[in-house]
There are 2 protein chains.
Amino acid sequence: MTAKAPRPVPTLEDVARLAGVSTATVSRCLNTPDRVVKSTRDRVMSAVEQLGYAPNFGARALAAKRTNTIGAIIPTMENAIFARGLQAFQEELGLHGMTLLVASSSYSEDVEREQIRTLCARGADALLLIGHHRSQGTLDFLEARSVPVLVAWVYDPAKPQPSIGFDNRAAMREMAELVIAKGHRRIGVISAPCDSNDRASERLLGIREAMAAHGLPADAMALHETPYSIENGAAAFRQVMDNSDPPTAVMCGNDVLAVGALRAARRMGLSVPGDVSITGFDDIELAQLVDPPLTTVHVPHRDMGRMAAKLLVQQLNGKGPMASIRLDTYLCDRETLGIAPR
Amino acid sequence: MTAKAPRPVPTLEDVARLAGVSTATVSRCLNTPDRVVKSTRDRVMSAVEQLGYAPNFGARALAAKRTNTIGAIIPTMENAIFARGLQAFQEELGLHGMTLLVASSSYSEDVEREQIRTLCARGADALLLIGHHRSQGTLDFLEARSVPVLVAWVYDPAKPQPSIGFDNRAAMREMAELVIAKGHRRIGVISAPCDSNDRASERLLGIREAMAAHGLPADAMALHETPYSIENGAAAFRQVMDNSDPPTAVMCGNDVLAVGALRAARRMGLSVPGDVSITGFDDIELAQLVDPPLTTVHVPHRDMGRMAAKLLVQQLNGKGPMASIRLDTYLCDRETLGIAPR
DNA sequence: CGATACCATGCAAGCGCTTACACTTGTGCT
DNA sequence: AGCACAAGTGTAAGCGCTTGCATGGTATCG
């Protein structure tokens, strides 16, 4: 345990020597087995087994200039927002023999830039990124290295980068329409910080649009921005309601915030949706678990992940450039949205 | 966009040429900046910037035989069990300039073996693994490559591999003692499948020990094994309760199962803890969010993650071998455990 | 039966980086 | 002035792998 490697990690050459063939043959056994005759292959494989050989990834990438790895950078792993989509993404990649490398940026543009560099350096053949907000420098870097990039969780065919996702603005507008239709006129909004988060800002815009369409003045909206977390959602809810004329409905930028709001409401002795309505966005598992179950916008995370993987794989196999794809969301009108109280 | 890389990824040499120095100097600027005089360094750095250069990780690993990367293989990313611990692990690693590479094994020994190989091939300097159950072949492989390994989520100083974690058996026994003290005599148990999961089997053992210590016959326990998921927890609960003489308390191997059980209970019209008590394990965030909040065993996930990182970093810096560390758990007696009904 | 084609394999040139060692200066000492 | 020494930089040898090309052997064909 103290001493250095007694058997200092077997290399291709060790395998070749043991099997009595050249390194080229061993390499071929591992990569294109059908180009090697069975008898030789068996000999090589048993040498591999015997030595406990595992190819050095770096060396392989260096020589082959392909890693079969796709990088993904998500804003956070803390909550479940991206988990399901990423899981599906990974599964689909696995089907095509590719591996996923995940990094998280903590919603910071700078961290994301670093992560992008890191993943590229690690030889990611392509990248999955969330949202469009990104500095020109980063864009240039990606362009210069000509790494295929797919942007997910948003849909915007106008951007040069292909994207797969949904129309955050329209989805949230639809929810806002419903809220307004239920008679709510004073609307609280708890959103993630909008700078450098186009999903959040688009969703907010959706609410504004619906309100404007129904002649509600801009100041009928009480907005509070806070990072995604249950605690923050609860705190924001308290602040939004701390008003002589509090909103009758609080729309949250995602389910995590909404669950926090819901909890705060209960602690404050408010009945939901009797006293105040609360809505979410994403439809994560938690949305159905809370009591009452959350009215929210369902996002097809699994489909998005799966299709993202397919697009990327296609592109890597030279099947032409990617086109943006728009997926549909739909309202899950569960039990936290009710008629506005008088 | 259609054409191949117009500027085909800058290399060290390109930077060197542009800056008018040798590749060695550029390399030193990047790795040991203080060994290069400032004027040169500035010139090099601006060349790096101008070219958008990012060192090729594979090449670097190949040449330096160190990657500053630590691999972790967790059974699942699906639920939050490992999320918090891993997050803390990553944060601490970041403080020491190391990167984390995560893979998940889906609770499969075979997948885990593959992942171990993959991470080693990728040059992981050390590995964080969950639990001790592992085939001899895998152990030999690790031994042969002399990759430092730290086992987490369990504590067992008797094993050759160092571990950091808690005594799953004692923790669960303590919970079982409490359940028995509350008068429960017929106990349902919902556990993860115990083969190749020593955390699950130890927890189960803890319950058995407590029952034996109080003279409860083995058949007073109704056991149901099922993989961790809320749905499975609910289904298992229905089965466990489907009995002419159902248990008065159901102990779950973790919180995810317990939340499922709780939901099933509510759907069956049972009051918790009036009609039946339910306990969990882990104290994930969800445990406090459900209604009523879950009685469970608190596990110091963040501490565990942080200390795991420290141990590994120490070891890599040659500060001697790692010693196993035991952390304390404690009971969170919230509201789902009550006095046994008559 | 010789020519042709093809298949399995070996040879050897890198892939982009680090680092031991060599070299060139500039400094402080005698 | 002459020396040892240190600091800054360059030279070049690999790290472990893939792959284009060369080679020799066997099957196929007229």
Side-chain angles (χ1 to χ4, degrees), chain A residues 5 7-45 47-48 51-69 117-118 120-125 145, chain B residues 5 7-45 47-48 51-69 117-118 120-125 145:
Chain A
R7 210 195 317 165
V9 183
T11 72
L12 239 212
E13 205 179 329
D14 298 328
V15 177
R17 198 175 314 119
L18 181 60
V21 296
S22 75
T23 60
T25 301
V26 179
S27 172
R28 280 188 279 257
C29 277
L30 267 25
N31 299 302
T32 51
D34 35 316
R35 301 182 59 77
V36 175
V37 91
K38 182 160 189 326
S39 59
T40 315
R41 202 189 325 147
D42 289 347
R43 205 146 30 93
V44 170
M45 284 319 197
V48 165
L51 258 33
Y53 170 78
N56 178 313
F57 184 81
R60 174 178 278 193
L62 197 54
K65 297 165 170 300
R66 197 181 206 249
T67 59
N68 288 320
T69 296
R117 284 183 173 246
T118 305
C120 285
R122 276 208 141 79
D125 292 333
R145 309 203 35 140
Chain B
R7 211 195 316 164
V9 183
T11 72
L12 238 212
E13 205 178 329
D14 298 328
V15 177
R17 198 175 314 118
L18 180 60
V21 297
S22 74
T23 61
T25 300
V26 178
S27 172
R28 280 189 281 257
C29 278
L30 268 26
N31 299 302
T32 51
D34 36 316
R35 302 181 58 76
V36 176
V37 91
K38 182 157 189 329
S39 60
T40 315
R41 201 188 329 144
D42 289 347
R43 205 147 28 94
V44 169
M45 285 318 199
V48 165
L51 258 33
Y53 169 78
N56 178 312
F57 183 82
R60 175 178 278 193
L62 197 54
K65 295 163 172 297
R66 198 181 205 248
T67 59
N68 287 321
T69 296
R117 284 185 172 243
T118 304
C120 285
R122 274 207 143 77
D125 292 333
R145 308 201 40 137

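Within every chain, numbering begins at 1; the chains are lettered A, B, ... in the order of the sequence lines, protein sequences first and strands thereafter.
- Contact annotation: the side chain of A:Val21 approaches that of A:Val26 to within less than 4.5 Å [non-hydrogen atoms, C-beta and beyond].
- Take A:Asp14 and apply the salt bridge (charged side-chain N to carboxylate O under 4.0 Å, His left out) test, not counting sequence neighbours, and it matches A:Arg17.
- Taking A:Arg66 as the reference, A:Asn68 meet the side chain to side chain donor-acceptor pair (under 3.5 Å) condition, with sequence neighbours excluded.
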Worksheet entry | Under 4.0 Å protein heavy-atom contacts per nucleotide of nucleotides 15-20 of chain C, with B for base, S for backbone only and - for none | BBBBBB
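- Atom-to-atom distance recorded for B:Arg28:CZ and B:Ser22:OG is 6.0 Å, nearest 0.5 angstrom.
- Summary of helix geometry: the two end axes of the helix from C:dC1-D:dG30 to C:dT30-D:dA1, each defined by five base pairs via their C1' atoms, are inclined to each other by 30° (rounded to 10°).
- Residues passing the side chain to side chain donor-acceptor pair (under 3.5 Å) test with A:Thr40: none are found, sequence neighbours excluded.
- Considering CZ of B:Arg35 and CZ of B:Arg41, their distance stands at 12.5 Å, rounded to 0.5 Å.
- In this structure A:Thr67 satisfies the side chain to side chain donor-acceptor pair (under 3.5 Å) test together with A:Asp125, sequence neighbours excluded.
- Atom CZ of A:Arg35 and atom C1' of C:dC6 are 11 Å apart (whole Å).
- In this structure, a donor-acceptor pair under 3.5 Å is present between the side chains of A:Arg122 and B:Thr69.
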